[in-house]
Student: 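Here it is: the structure, laid out below.
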Amino acid sequence: MEFGIPLLQQKRFFIVGTYRTEEAKESDRLAELIRTLEKHEHGRVIKLGPLALHETLELLRQLPLRLKEQDLFYGLLSQSAEGNPLFLLAILQNLFERGYLRVKGRYWTLAGERLEKLKELAIPPTLQELILQRLNRLANTDRQLLGLASVLGRSFETSLLLRAWDGGKEECHASLVRMVSAQLLAEKHGTFEFSHDRIREMVYTQLPETIRRLMHQRVMRALEAQQSEQINEYAMPLARHAFEAEEWGKAMEYAAKALREAHRQCRLRDGLDLSAIGLKAADMLPASEDPSLGLHRYDLLDGRSEILYLLGKTEEQEQTLNQMEIVAAKLNDGAKRAKALVKKGGLYRAAGEFDKSEKVTQEALALYEKAGDKRGMGSCLMVLAAAKNLRGEYANAIQTNLQALGLLEAIGDRANQVRCLGNLGICHNNLGEYEEALRYYHRILENFKEVQDNPNRASDLNGLGLLYFNLGQYEKALAHCGEALALRREIGDRRGQVFSLTNLGDACCAIGKYEEALRYYQEAQKICKEVGNRWIEGHGLGGIGDVHRSRGEHSEALEYYSRAMKTFKELNANAEYLFYLTWASRAHLLNGAKGIALEFSTEAMDMLKQGWTHVTPHDTLFTHSLALEANGQDSEAAGHLERAYASLMEQADKLKDNSLRDSFLNRIRAHREILDAWEKLDAPPHWSSDR
């Protein structure tokens with residue numbers, strides 16, 4: 001090439017050659033050739049960088065792939081290759097060699113594996129060898145600096161690297177320049193990052209264990225010195241570096257600080273990782289009488305329990321709460337034991353174990369009263385009130401919540417005041433006192449804007465959506481429950497998602513979007529089984545029954561209503577059992593089983609007489625009138641229709657807002673049926689099975 005270039009000026013030749021930047025530095029002759037080409041008017045040197053995302057996708061679309069989830073597969077490959085064509089081809093070759101991809105006719109297809117299994121595409125052996133070859137060619141100083149950089153992470157600031165580097169500043173900068181030139185690192189806006197995460201992983205795993213531990217220690221010291229005034233903001237990386245440096249005390253302390261912040265920001269996965277780091281570090285420490293170690297362990301367990309609750313990991317949460325009790329006993333701290341107990345009460349309540357919930361919560365309340373802890377007493381009362389509400393004891397639930405609210409207002413605990421007000425809104429909603437419920441929600445929105453609590457904000461949005469559903473304002477119900485679901489998905493609140501999904505299913509069913517309603521209900525049912533929430537599972541079963549009833553599929557509706565009734569009977573949730581007993585009676589009637597329908601409606605009426613009720617008692621009264629009419633008891637039927645109409649209008653008369661009153665009476669199908677039947681009362685009684 002060196003001797004031929006001058007002779008090629010009169011000839012028509014096109015020569016393409018490729019080389020790596022570091023190869024030009026290692027070879028004097030190659031470097032001289034490149035300089036010659038750059039000087040020659042017909043020669044051109046093109047520096048290639050990573051492919052942009054759209055370029056990677058364009059390249060992939062030219063491949064003969066035929067997959068059901070092709071775009072997802074393209075995304076996984078693009079993410080793994082990070083714009084490096086060599087990596088992309090090596091990963092594809094590896095997928096063929098491992099049997100994930102195969103040739104079928106003219107196309108490449110996925111061989112019996114779901115794409116989820118390919119999300120962590122392994123580094124192909126050939127690619128590992130290529131990376132190792134490049135790393136082995138580096139000078140000793142460059143390898144040391146790259147190793148330290150791999151400990152810092154995928155990206156890092158030069159200032160932190162310099163603090164942790166034990167060499168000179170000029171030496172460090174010169175090495176960084178060489179690493180950028182070799183395309184192992186890239187500089188972006190004053191920071192550096194590895195050109196590919198696979199390279200960082202390889203560098204990190206090649207470090208000897210003792211060297212790696214020492215480097216983590218140096219990075220931790222550098223971070224402590226650089227961020228001394230904002231140490232809490234950097235607690236998460238400090239916890240990780242301290243753990244890898246085997247400085248167990250610091251790892252536990254930093255993990256506890258970072259966990260509080262992760263929980264506040266609803267970074268649930270980070271929180272679980274931090275709690276695991278902190279608790280492992282605690283286990284590595286020798287036995288000590290230092291009470292601060294026990295306090296840190298308790299805080300880590302406490303934060304972990306909160307995150308596990310949101311994620312719906314019931315068994316793990318109960319185990320964590322048991323450990324909290326053990327630590328509290330060692331600390332001889334009754335208030336800390338009470339905190340674990342009241343959380344157990346909330347856990348048992350969510351699972352529908354109301355007696356168990358009340359027992360441990362009352363025990364916690366006694367401990368808090370002994371300690372004079374008003375905040376703790378308030379939290380106990382809210383758990384007790386929530387259990388009463390689920391049991392249908394709405395008036396008692398309101399009184400207990402008001403008692404809790406008084407304690408929380410006295411100490412200025414605004415965050416828990418918001419929770420309590422939301423609970424009061426739910427109770428009044430269940431009693432059919434809709435405008436009173438709205439006042440509580442508006443009080444939250446107007447007076448507590450500064451309280452940043454995403455899980456409870458989602459809960460209030462969901463409660464407001466349910467309230468609008470009960471008022472027949474389905475568009476508002478969909479909007480609020482949809483916003484709550486989006487927020488709960490964003491923060492990973494699995495337990496809360498089931499409420500929003502079920503309420504969205506209810507609203508969709510009410511406006512005739514049956515397929516959409518079923519999708520919401522089915523997703524909720526799947527999560528319910530994972531998190532163990534039988535109460536909302538029962539409501540979801542009833543909702544699916546509503547879809548079938550609305551479609552005229554009365555036998556299917558009966559199956560789901562029966563399953564809902566069975567669930568609530570086992571939970572001793574009489575209000576919910578009464579509600580679905582009413583609709584099972586209606587379904588039997590529509591299915592032509594008049595006698596059974598009357599048996600069911602009579603049982604429902606007996607429960608009303610015993611003092612049990614639900615949000616729409618007029619539905620029970622009207623259903624009984626229809627069952628009586630179908631069985632030829634016209635006079636009694638008319639009397640119960642009159643009672644149903646009076647009950648409905650009593651609720652409507654509480655609504656001073658005309659738009660709310662109108663939607664309540666005219667947009668809710670069951671209410672419209674009562675009004676129509678009342679208007680036709682003077683006509684001959686008639687029941688149609690296709691009504």
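Values below: all heavy atoms of this structure, side chains included; hydrogens, waters and symmetry mates excluded.
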Student: Between E530 and K313, does any side-chain N to carboxylate O distance fall below 4.0 Å?
Tutor: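 Between K313 and E530 there is no salt bridge, as every charged N stays at least 4.0 Å from the carboxylate O atoms.
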Student: I would like to know whether Q319 and Q323 meet side-chain hydrogen bond (donor to acceptor under 3.5 Å, both in side chains); could you show each step before the answer?
Tutor: CA-CA 6 Å; Q319 291 168 5; Q323 292 172 43; 5.6 Å; no
Student: Do T314 and R495 come close enough that some side-chain heavy atom pair is under 4.5 Å?
Tutor: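 SC-SC contact between T314 and R495 confirmed.
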Student: Could you pull out all residues at least two apart from R489 that satisfy salt bridge (Lys or Arg N to Asp or Glu O under 4.0 Å)?
Tutor: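 Listed in chain order: E523.
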Student: Please enumerate all residues that pass ring-ring contact (aromatic ring centres under 6.0 Å, His included) together with F499, with sequence neighbours excluded.
Tutor: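 Counting only residues at least two positions away or on another chain, F499 forms no ring-ring contact (aromatic ring centres under 6.0 Å, His included).
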Student: With sequence neighbours left out, write down each residue that passes salt bridge (Lys or Arg N to Asp or Glu O under 4.0 Å) with D460, or none if nothing qualifies.
Tutor: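 D460 satisfies salt bridge (Lys or Arg N to Asp or Glu O under 4.0 Å) with no residue once adjacent residues are dropped.
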Student: Apply side-chain hydrogen bond (donor to acceptor under 3.5 Å, both in side chains) to S459 and list each qualifying residue two or more places apart in sequence or on a separate chain.
Tutor: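 With neighbours one apart ignored, the set is empty.
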Student: Side-chain contact, heavy-atom cut-off 4.5 Å: L310 with R494?
Tutor: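 Result no, sub-4.5 Å side-chain heavy-atom pair not found.
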Student: Taking side chain as C-beta onward, heavy atoms only, is V203 less than 4.5 Å from I199?
Tutor: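 Of all side-chain heavy-atom pairs linking I199 with V203, at least one is under 4.5 Å.
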Student: What's the verdict on side chain to side chain contact (heavy atoms under 4.5 Å, CB included) for E483 and R457, showing C-alpha distance, side-chain angles and the deciding distance?
Tutor: CA-CA 10 Å; E483 188 179 349; R457 173 173 164 73; 3.0 Å; yes
Student: Y309 side chain to Q317 main-chain N or O, any donor-acceptor pair under 3.5 Å?
Tutor: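 Flag not set: sc Y309 to bb Q317 has no pair under 3.5 Å.
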Student: Side chains of P237 and L223, heavy atoms from C-beta outward: is any pair under 4.5 Å?
Tutor: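 They are in contact (side-chain heavy atoms under 4.5 Å apart), so the answer is yes.
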Student: With the side chain counted from C-beta on, respond yes when L145 and L176 share a heavy-atom pair under 4.5 Å apart, and no when they do not.
Tutor: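 Yes, close enough: below the 4.5 Å cut-off.
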Student: Going by the salt bridge (charged side-chain N to carboxylate O under 4.0 Å, His left out) test, which pairs reach into residues 234-249, not counting sequence neighbours?
Tutor: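 Listed by first then second residue: R213-E246, R221-E247.
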Student: Test E224 against K250 for salt bridge (charged side-chain N to carboxylate O under 4.0 Å, His left out), laying out the working first.
Tutor: CA-CA 11 Å; E224 287 175 328; K250 283 194 171 186; 2.8 Å; yes
Student: What residue pairs, at least two apart or across chains, pass salt bridge (charged side-chain N to carboxylate O under 4.0 Å, His left out) with a residue in residues 269-283?
Tutor: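 Found R267-D270, D283-R297.
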Student: Between K344 and E325, does any NZ, NE, NH1 or NH2 come within less than 4.0 Å of an OD or OE carboxylate oxygen?
Tutor: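 Counted as a salt bridge, because a side-chain N and a carboxylate O are separated by less than 4.0 Å.
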Student: Can a salt bridge be assigned to the pair R163 and E157 using a cut-off of 4.0 Å between side-chain N and carboxylate O?
Tutor: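 Looking at R163 and E157, the cut-off is not met.
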Student: For E193, enumerate each residue passing the salt bridge (Lys or Arg N to Asp or Glu O under 4.0 Å) test, keeping only those at least two apart in sequence or located in another chain.
Tutor: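 E193 satisfies salt bridge (Lys or Arg N to Asp or Glu O under 4.0 Å) with K188 only.
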Student: Should I536 and L501 count as side-chain neighbours, where that means a heavy-atom distance under 4.5 Å?
Tutor: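 Counting from C-beta outward, I536 and L501 never come under 4.5 Å.
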Student: Give every residue pair that meets the side chain to side chain donor-acceptor pair (under 3.5 Å) criterion with at least one member in residues 165-174, sequence neighbours excluded.
Tutor: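 Sorted result for residues 165-174: empty, none.
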Student: Stepwise, does the side chain to side chain contact (heavy atoms under 4.5 Å, CB included) test hold for L184 with L138?
Tutor: CA-CA 11 Å; L184 294 169; L138 296 176; 3.9 Å; yes
Student: Flag the pair R488 / N462 as yes when at least one side-chain heavy-atom distance between them is below 4.5 Å, and no otherwise.
Tutor: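 Touching, per the 4.5 Å side-chain cut-off.
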Student: Would you indicate whether the side-chain heavy atoms of L146 and L185 approach each other to under 4.5 Å?
Tutor: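 L185 vs L146: side chains touch.
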Student: Determine whether Q265 and E261 satisfy the following criterion, side chain to side chain contact (heavy atoms under 4.5 Å, CB included), listing intermediate values before the conclusion.
Tutor: CA-CA 6 Å; Q265 296 179 3; E261 186 63 16; 2.6 Å; yes
Student: My understanding is that only residues two or more places apart in sequence, or in another chain, count here; which of them pass ring-ring contact (aromatic ring centres under 6.0 Å, His included) with H296?
Tutor: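 Checked H296 against ring-ring contact (aromatic ring centres under 6.0 Å, His included); zero matches.
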Student: Going by ring-ring contact (aromatic ring centres under 6.0 Å, His included), name the residues that satisfy it together with F156, two or more places apart in sequence or in a different chain.
Tutor: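 F156 satisfies ring-ring contact (aromatic ring centres under 6.0 Å, His included) with no other residue.
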Student: List the residues meeting salt bridge (Lys or Arg N to Asp or Glu O under 4.0 Å) with K257, not counting sequence neighbours, and say none if there are none.
Tutor: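 If we apply the salt bridge (Lys or Arg N to Asp or Glu O under 4.0 Å) test to K257, skipping adjacent residues, the hits are E253.
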Student: Which pairs pass ring-ring contact (aromatic ring centres under 6.0 Å, His included) with one or both residues in residues 243-285, sequence neighbours excluded?
Tutor: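 Qualifying pairs, neighbours excluded: F243-W248.
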Student: The test is side chain to side chain contact (heavy atoms under 4.5 Å, CB included); show your working for L268 and L272 and say whether it passes.
Tutor: CA-CA 6 Å; L268 305 186; L272 284 184; 5.9 Å; no
Student: Looking only at the side chains, is there a donor atom on one of R178 and T141 sitting less than 3.5 Å from an acceptor on the other?
Tutor: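 Checked: R178/T141 side chains show no N/O donor-acceptor pair below 3.5 Å.
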